Amino acid sequence: MTTELDPRLQALFEQAEQTFDSERFLGDVMRRVDRQRYRAMLLWSLFGLVVLIGFAFVASPVFAAVNFVSQFLPMSVVEVETEWLQMLVSPVNSIAAAIAVGGLLIVKFFRWVLR
Amino acid sequence: MLVGLSRTGDRDAFAELVSRRQTWIRNLMRRSCGNADLADDLSQQVFMQAWRSIDQLLDAERFAPWLKRLAINTWLQHRRRNDPLEAAEEHSEAAIAQQDAPGIAMDLDRALATLPDDVRLCIVLSYHERMTHAEIEDFTGLPLGTVKSHIRRGTQKLQELLVAYLEPQGSEA
């Protein structure tokens with residue numbers, strides 16, 4: 001694929017190869033790298049701070065909502081009269097279990113659709 | 001090893017990589033753009049880009065071609081960003097003359113500067129990087145036929161301009 005190349009020109013390109021002072025160049029590159037690392041660190045710190053402040057603002061209502069919802073989670077979906085049967089099905093017979101199973105089914109469904 | 005360490009954010013390993021590859025990338029950039037200062041600035045951009053995206057490089061063995069691709073993309077992006085007048089200034093005689101390059105390199109850069117951008121890129125990738133036409137097509141996105149004709153045209157032009165270097169020694173005798 002390179003049959004059209006002139007070997008004399010190729011030799012000329014080789015002769016024109018230069019060696020450079022690497023120290024200054026390396027120093028410049030690493031200064032830019034350090035500046036970028038510093039900037040990234042600063043941005044992440046700012047992001048963390050914003051998240052913390054945001055969390056402080058919404059923590060109280062979020063905890064109240066979680067508390068409110070959590071009291072309904074252990075409630076049975078279907079009332080079972082027999083005590084031993086009630087204990088047997090209790091892991092799956094709750095609102096929490098229904099939400100978990102529903103979530104799993106939704107994920108499976110989307111995976112199947114997007115396959 | 002160095003690539004693997006750099007991927008984890010090891011600064012010293014990356015510095016060693018820069019140190020080892022800088023001559024190659026700077027030469028490639030100088031042949032491509034013909035301006036020493038601009039070439040060094042673009043080379044720095046290439047290594048910065050490498051630092052930012054080295055974690056995306058899955059195969060450490062492919063570091064050199066990956067870096068070359070970054071260099072070519074950096075050059076192409078720079079060309080797209082700049083207007084033709086500015087580009088002409090970059091390749092002006094004055095810009096080339098200010099280089100601290102030996103005569104042969106300066107003459108080669110002067111001859112390369114007379115070629116249109118795409119032709120010069122194909123010539124540099126072909127002669128400097130020893131890339132095949134198919135590889136140049138892949139790297140630059142130019143059609144294979146265009147790559148071939150650019151190399152043919154560029155070669156002819158360089159042969160005319162650099163005839164003094166290409167004549168066999170003692171041919172006058």
Side-chain angles (χ1 to χ4, degrees), chain A residues 1-56 58-59 103-104 106-115, chain B residues 9 11-12 14-16 18-20 22-27 30-31 36 40-41 43-48 50-52 99-109 111-112 123-124 126-136 144 147-148 151-152 154-156 158-159 162 165-168:
Chain A
M1 293 293 273
T2 52
T3 48
E4 292 164 43
L5 296 188
D6 182 340
R8 297 168 305 164
L9 274 177
Q10 243 165 2
L12 197 67
F13 269 84
E14 273 173 31
Q15 287 168 46
E17 284 275 309
Q18 291 166 256
T19 49
F20 305 103
D21 164 35
S22 71
E23 263 178 48
R24 213 181 114 203
F25 181 82
L26 181 64
D28 287 344
V29 172
M30 294 321 289
R31 246 190 308 280
R32 284 169 89 159
V33 164
D34 288 340
R35 217 178 303 146
Q36 192 183 305
R37 283 173 62 172
Y38 174 73
R39 214 176 298 150
M41 221 164 62
L42 201 71
L43 275 176
W44 277 112
S45 305
L46 272 175
F47 177 72
L49 199 68
V50 168
V51 167
L52 270 178
I53 292 170
F55 187 72
V58 297
L104 277 174
I106 289 169
V107 169
K108 281 224 174 251
F109 173 73
F110 275 104
R111 280 196 183 152
W112 177 73
V113 169
L114 299 172
R115 195 170 46 184
Chain B
R11 184 192 178 281
D12 293 339
F14 185 71
E16 184 58 33
V18 175
S19 190
R20 288 186 190 183
Q22 55 99 19
T23 298
W24 167 46
I25 293 296
R26 287 167 82 185
N27 268 306
R30 282 198 188 201
R31 294 293 96 83
D40 276 1
D41 188 48
S43 302
Q44 285 183 23
Q45 285 181 36
V46 172
F47 285 111
M48 285 304 295
W51 170 255
R52 275 194 294 265
Q99 296 184 173
D100 52 345
I104 191 166
M106 213 142 73
D107 288 342
L108 178 60
D109 287 342
L112 284 168
I123 285 285
V124 170
S126 183
Y127 281 99
H128 187 267
E129 289 303 310
R130 304 283 176 98
M131 287 167 72
T132 65
H133 295 164
E135 284 170 336
I136 297 171
L144 188 61
V147 170
K148 285 181 180 176
I151 292 172
R152 203 178 313 119
T155 299
Q156 282 168 0
L158 289 183
Q159 282 167 340
L162 298 166
Y165 287 104
L166 302 179
E167 276 175 352

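Nothing here was measured: the structure is a model prediction, and the numbers come from that model.
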Q) Would you call Glu14(A) and Arg130(B) a salt bridge, using N to O less than 4.0 angstrom? A)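 So Glu14(A) pairs with Arg130(B) through a salt bridge.
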Check your understanding: Could Asp41(B) and Arg32(A) be called an ion pair, given the rule that one side-chain N must be under 4.0 Å from one carboxylate O?
Key ->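 Salt bridge between Asp41(B) and Arg32(A), a charged N being under 4.0 Å from a carboxylate O: yes.
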_Donor-acceptor contact below 3.5 Å, side chain Tyr165(B) vs main chain Arg8(A)_ =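 No; judged by distance alone, with no hydrogens or angles, the pair does not exist.
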Is there a side-chain hydrogen bond (donor to acceptor under 3.5 Å, both in side chains) between Gln18(A) and Arg31(B) once you walk through the steps?
CA-CA 11 Å; Gln18(A) 291 166 256; Arg31(B) 294 293 96 83; 3.2 Å; yes
Do you know the tightest heavy-atom contact between [X] and [Y]?
X         : Y        : result
Val29(A)  : Met48(B) : O-SD, 4.0 Å
Ser22(A)  : Gln22(B) : CB-NE2, 2.9 Å
Tyr127(B) : Asp6(A)  : OH-N, 2.8 Å
Leu166(B) : Leu9(A)  : CD2-N, 4.0 Å
Thr23(B)  : Phe20(A) : O-CE1, 3.9 Å
Ala16(A)  : Asn27(B) : O-OD1, 4.4 Å

Would you mind checking which part of Leu112(B) comes under 4.5 Å of any heavy atom in chain A, side chain (CB onward), backbone (N, CA, C, O), both or neither?
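Side chain only.
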Item to check | Test item: Leu108(B) and Gln15(A) side chains (from C-beta on) under 4.5 Å apart, heavy atoms | outcome: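 No. Closest side-chain heavy atoms not under 4.5 Å.
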Within the structure provided, determine whether Phe13(A) and Ile123(B) are in side-chain contact (heavy-atom separation under 4.5 Å).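 Yes; the side chains approach each other to less than 4.5 Å.
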**Part of Glu23(A) lying under 4.5 Å from any heavy atom of chain B** =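 Interface part for Glu23(A): neither.
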Open item on the list: Let me confirm one number: the CZ-CD distance from Arg31(A) to Gln44(B), rounded to the nearest 0.5 Å.
Closed with: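 If I round to the nearest 0.5 Å, the distance is 8.5 Å.
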*Interface residue of largest heavy-atom contact number with chain A, from Gln45(B), Gln159(B), Glu135(B), under 4.5 Å*: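 Most heavy-atom pairs within the cutoff with chain A belong to Gln159(B).
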